[in-house]
**Student:** 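Below you will find the structure I want to go over with you.
If you're wondering where the values come from, they're calculated on a predicted model, not measured in any experiment. Any value given below was found using the heavy atoms of this structure, including those in side chains, with hydrogens, waters and symmetry copies removed.
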Amino acid sequence: MQQHWWQSATVYQIYPRSFQDSNGDGIGDIPGIISRLDYLAALGVDALWLSPVYKSPNADNGYDIADYQAIDPAYGTMADMDQLIAQAARHGMKIIMDLVVNHTSDEHPWFVSARQDPRSSTHNYYVWANAVNGHVPNELTSGFIGGSAWQYEKQADQYFLHLFSEKQVDLNWQNPELRRAIYQMMNFWIDKGIEGFRMDVVDMLAKEPLKKILVNGPHLHEYLHEMNRQTWRDRDFLTVGEAWSASPEDALQYSDERREELSMIFQFGHLWADRRVGGEKWEQRPLDVAQLKQALSACQTKMANHGWNSLFWNNHDLPRVVSRFGATGKYRELSAKMLAMTLHGLKGTPFIYQGEEIGMTDCPVTTIDQVNDVEARTIYRQLRAQGEDDRAAIKKINVFNRDNARTPMQWNQTSQAGFTTGQPWLAVNSNYLTINATMAQANQQSLWWTYQRLIALRKQSPVLQQGDFAELVAVPTPVFAYTRTWQQDQWLICSNFSGEQVIVDLPKRAAKLIMSNYRDYPAQLGRIKLRPYEAFMLALC
């Protein structure tokens with residue numbers, strides 16, 4: 001199999017609105033990103049995935065695009081974008097754009113024309129349906145705002161589909177003209193010099209809503225293969241699709257290089273390990289480490305010979321992992337290092353979300369007025385309507401509120417954590433005085449340096465890039481232990497997901513330290529006592 005650049009790379013996700021403000025308006029922007037390229041280069045990352053910076057009314061913070069080939073003025077200009085691509089390249093980093101083509105904003109010219117005139121050339125770019133017995137076409141609901149996913153448009157005398165908010169109108173991928181327009185837009189960005197796309201809700205593109213098929217539609221892989229051929233086919237180009245519905249078997253379909261579809265997908269099986277399936281949305285349960293290990297191992301095993309894995313704990317839609325699977329008190333750094341080593345020891349392409357490298361934590365709110373996230377506000381309204389009091393509703397949304405990941409980047413101890421000289425669009429977490437990038441870089445034992453070493457290791461080590469994975473199953477439940485083997489080299493990665501000591505029996509082998517989160521480590525394996533959140537990466541002799 002051909003070795004691709006992204007198989008030894010680490011990708012860093014930037015949420016531009018919260019990364020760095022350059023002009024004091026409280027909103028992060030592209031010039032702000034450019035000003036932090038030295039920091040990102042020092043960390044060692046190879047590519048920057050930008051959440052959307054396209055022109056948008058920001059009903060969902062840019063995931064509602066009004067013009068794919070324009071930069072939103074809040075973030076800068078197209079000249080700024082061109083400069084970012086060029087400056088990132090000079091720092092040895094590639095730019096990955098967020099591609100949101102399941103839906104557009106209702107303010108996109110395509111939809112403005114489509115809703116005004118059913119004879120418009122773009123009317124069938126969207127999903128329309130006639131009333132059924134004078135009512136909505138069926139009972140599909142909107143995930144973001146509740147209620148029907150169908151909105152009546154008087155001028156068209158039809159309903160249009162919006163599976164998210166009513167300002168995010170679903171595109172009709174069955175229309176070949178729509179697909180051609182999208183491919184043309186993608187090639188516009190490829191020609192500008194970007195080197196990858198992250199594809200929002202890619203498993204929903206081939207939906208057939210009148211049949212109530214919302215994910216994994218019958219033509220999905222046909223469309224992705226066509227997209228590949230019409231855009232990046234002859235390039236060494238990174239493509240990663242978001243697919244909440246995907247199993248490891250599905251992931252192989254998307255990423256098997258023989259199928260010519262995507263490089264990889266984000267699959268979320270491991271992130272259900274603390275969610276109560278079938279209960280209320282965002283309902284939490286204690287972390288099931290056995291389920292977490294099973295999900296991670298299944299992905300490694302299924303794509304052992306073909307396909308490729310994405311490796312991630314965090315993104316803009318998820319709580320901070322140290323608050324979720326680690327600890328935020330005295331074990332914050334130890335547990336965050338454990339989580340980093342656990343993930344970065346696996347086979348695949350690691351994705352780091354901004355602030356993960358310094359151990360940023362969730363930021364609970366006390367009132368709904370402090371919440372920006374459209375989905376969290378909907379959940380709050382629904383909980384209150386079901387009879388929950390305000391305090392109980394706030395407690396529940398604090399767990400998975402997407403704003404947890406979107407608070408501004410904590411750069412230093414100055415006002416507003418160095419993110420802005422103005423009033424930030426979302427409040428800065430008050431713990432920035434002790435958790436910030438400047439302090440982390442100054443301390444060679446910090447989490448930041450753990451991430452830097454892990455990133456460098458992946459660049460240098462065939463074991464991490466291509467080594468075979470094997471889980472050690474005869475260990476206590478809180479322990480995740482596995483080996484990576486490449487030719488004559490074998491590494492052991494062992495992590496304790498518990499805040500308590502755990503006794504574990506490991507292969508009786510001499511070992512050489514690669515990395516650990518405690519200053520001492522077991523040079524001779526066998527029966528050992530793992531300390532709270534202990535993790536190490538050893539070369540077996």
Side-chain angles (χ1 to χ4, degrees), residues 13-23 25-33 48-82 84-85 95-115 122 125-127 142-145 151 160-171 178 181-182 184-186 188-189 192 194 197-202 204-205 242 315-317 354 371-378 402-403 405-408 420 424-426:
Q13 183 189 356
I14 291 175
Y15 196 70
R17 198 172 188 84
S18 296
F19 192 63
Q20 179 66 68
D21 175 24
S22 71
N23 59 8
D25 67 357
I27 297 173
D29 47 42
I30 295 169
I33 297 171
L48 308 177
W49 154 25
L50 307 185
S51 284
V53 291
Y54 314 97
K55 185 177 179 182
S56 168
N58 284 297
D60 186 27
N61 287 349
Y63 285 86
D64 50 315
I65 297 169
D67 188 339
Y68 287 106
Q69 293 178 209
I71 299 298
D72 194 275
Y75 297 127
T77 65
M78 188 62 78
D80 293 328
M81 189 68 211
D82 291 337
L84 174 59
I85 295 169
I95 297 296
I96 312 299
M97 294 289 283
D98 217 316
L99 187 69
V100 187
V101 289
N102 175 71
H103 49 263
T104 71
S105 167
D106 65 342
E107 298 181 27
H108 194 292
W110 290 348
F111 189 69
V112 171
S113 175
R115 75 190 314 174
T122 62
Y125 279 20
Y126 296 89
V127 179
S142 165
F144 273 7
I145 62 171
Q151 179 84 19
F160 65 81
L161 182 72
H162 61 91
L163 290 172
F164 296 98
S165 85
E166 74 275 11
K167 292 189 67 64
Q168 293 168 287
V169 190
D170 282 70
L171 289 164
L178 177 274
I182 288 173
Q184 182 179 21
M185 173 271 293
M186 293 170 68
F188 166 85
W189 286 105
K192 273 192 171 291
I194 72 160
F197 286 117
R198 176 267 183 184
M199 299 183 190
D200 193 57
V201 291
V202 72
M204 300 179 74
L205 297 188
E242 178 193 34
N315 66 29
H316 60 288
D317 286 333
Q354 66 182 46
V371 176
N372 174 270
D373 175 22
V374 60
E375 188 177 22
R377 294 179 73 90
T378 297
R402 296 187 302 172
D403 287 348
R406 301 176 181 185
T407 56
T420 182
W425 75 278
L426 191 64

**Student:** Going by side chain to side chain contact (heavy atoms under 4.5 Å, CB included), name the residues that satisfy it together with Gln20, two or more places apart in sequence or in a different chain.
**Tutor:**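 Checked Gln20 against side chain to side chain contact (heavy atoms under 4.5 Å, CB included); matches are Ser35, Arg36, Trp411.
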
**Student:** Identify, with sequence neighbours excluded, every residue that meets side chain to side chain contact (heavy atoms under 4.5 Å, CB included) alongside Ala405.
**Tutor:**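 Per chain and number, Ala405 pairs via side chain to side chain contact (heavy atoms under 4.5 Å, CB included) with Tyr353.
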
**Student:** Ile65: what forms a side chain to side chain contact (heavy atoms under 4.5 Å, CB included) with it, not counting sequence neighbours?
**Tutor:**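 Partners of Ile65 by the side chain to side chain contact (heavy atoms under 4.5 Å, CB included) criterion, ordered by chain and then number, come out as Tyr54, Tyr68, Val100.
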
**Student:** Applying side chain to side chain contact (heavy atoms under 4.5 Å, CB included), can you list everything that pairs with Gln184, at least two apart in sequence or on another chain?
**Tutor:**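 With sequence neighbours excluded, Gln184 shows a side chain to side chain contact (heavy atoms under 4.5 Å, CB included) to no residue whatsoever.
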
**Student:** Excluding sequence neighbours, so at least two apart, what forms side chain to side chain donor-acceptor pair (under 3.5 Å) with Thr407?
**Tutor:**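 For Thr407 there are no side chain to side chain donor-acceptor pair (under 3.5 Å) partners, ignoring immediate neighbours.
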
**Student:** So, Glu375 and Thr378: side-chain donor and acceptor under 3.5 Å apart, yes or no?
**Tutor:**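 Not at all, the side chains of Glu375 and Thr378 share no donor-acceptor pair under 3.5 Å.
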
**Student:** If you define the side chain from C-beta out and look only at heavy atoms, does anything of Lys55 sit under 4.5 Å from Ile71?
**Tutor:**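 They are not in side-chain contact.
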
**Student:** Listed by chain and number, what are the salt bridge (charged side-chain N to carboxylate O under 4.0 Å, His left out) partners of Asp317, not counting sequence neighbours?
**Tutor:**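 Applying salt bridge (charged side-chain N to carboxylate O under 4.0 Å, His left out) to Asp317 gives Arg402, Arg406.
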
**Student:** If we only count heavy atoms from C-beta on, is the Asp60 to Phe144 side-chain gap below 4.5 Å?
**Tutor:**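 Yes. Closest side-chain heavy atoms under 4.5 Å.
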
**Student:** Would you call Ile30 and Met81 a side-chain contact if the rule is heavy atoms closer than 4.5 Å?
**Tutor:**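 A side-chain contact exists here, since the closest heavy-atom pair is under 4.5 Å.
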
**Student:** Between CD1 of Ile194 and CD1 of Ile96, what distance do you get to the nearest 0.5 Å?
**Tutor:**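 Reported value, rounded in 0.5 Å steps: 7.0 Å.
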
**Student:** Report yes or no: do Ser105 and Gln168 form a side-chain donor-acceptor pair below 3.5 Å?
**Tutor:**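 The answer is no; no qualifying pair exists.
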
**Student:** Please tell me if the side chains of Asp200 and Val101 come closer than 4.5 Å, counting only heavy atoms from C-beta onward.
**Tutor:**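 No - every pair of side-chain heavy atoms lies 4.5 Å or more apart.
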
**Student:** Under the rule for side chain to side chain donor-acceptor pair (under 3.5 Å), what residues qualify as partners of Asp21, not counting sequence neighbours?
**Tutor:**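 Once residues adjacent in sequence are excluded, the partners of Asp21 under the side chain to side chain donor-acceptor pair (under 3.5 Å) criterion are Thr420.
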
**Student:** Just to verify, what does Asp98 make a salt bridge (charged side-chain N to carboxylate O under 4.0 Å, His left out) with, not counting sequence neighbours?
**Tutor:**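 Arg198.
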
**Student:** Do Asn372 and Asn61 pair up side chain to side chain, a donor and an acceptor below 3.5 Å, judged on atom types alone?
**Tutor:**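 The answer is yes; a qualifying pair exists.
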
**Student:** Below 4.5 Å, heavy atoms only, C-beta onward: do Leu171 and Val127 meet side chain to side chain?
**Tutor:**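 When only atoms from C-beta onward are counted, Val127 and Leu171 do not touch, as no gap falls below 4.5 Å.
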
**Student:** Should Phe111 and Phe160 be marked as a ring pair (Phe, Tyr, Trp, His ring centres under 6.0 Å) after you check the CA-CA gap, both sets of side-chain angles, and the distance that decides it?
**Tutor:** CA-CA 10 Å; Phe111 189 69; Phe160 65 81; 5.0 Å; yes

**Student:** Are side-chain N/O atoms of Asp64 and Ser56 paired as donor and acceptor at under 3.5 Å?
**Tutor:**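 The criterion, which ignores hydrogens and geometry beyond distance, is satisfied for Ser56 and Asp64.
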
**Student:** Name all residues meeting the side chain to side chain donor-acceptor pair (under 3.5 Å) criterion together with Asn23; count only those two or more places apart in sequence or in a different chain, and write none if there are none.
**Tutor:**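 With neighbours one apart ignored, the set is empty.
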
**Student:** Working to the nearest 0.5 Å, report the span between NE2 of His162 and OG of Ser142.
**Tutor:**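 His162 atom NE2 to Ser142 atom OG measures 5.5 Å (nearest 0.5 Å).
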
**Student:** Could you list the residues that satisfy salt bridge (charged side-chain N to carboxylate O under 4.0 Å, His left out) with Glu107, not counting sequence neighbours?
**Tutor:**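 Only Lys167 meet the salt bridge (charged side-chain N to carboxylate O under 4.0 Å, His left out) criterion with Glu107.
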
**Student:** How would you list, by chain and number, every residue that makes a side chain to side chain donor-acceptor pair (under 3.5 Å) with Trp425, sequence neighbours excluded?
**Tutor:**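 Partners of Trp425 under the side chain to side chain donor-acceptor pair (under 3.5 Å) test: Ser18.
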
**Student:** Are Met204 and Phe164 close enough that some pair of their side-chain heavy atoms sits under 4.5 Å apart?
**Tutor:**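 When only atoms from C-beta onward are counted, Phe164 and Met204 do touch, with a gap below 4.5 Å.
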
**Student:** For the residue pair Tyr75 and Pro31, establish whether any side-chain heavy-atom pair is separated by less than 4.5 Å.
**Tutor:**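 No, side chains not in contact.
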
**Student:** So, using salt bridge (charged side-chain N to carboxylate O under 4.0 Å, His left out) as the criterion, who are the partners of Arg17 when residues are at least two apart?
**Tutor:**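 Listed in chain order: nothing, the list is empty.
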
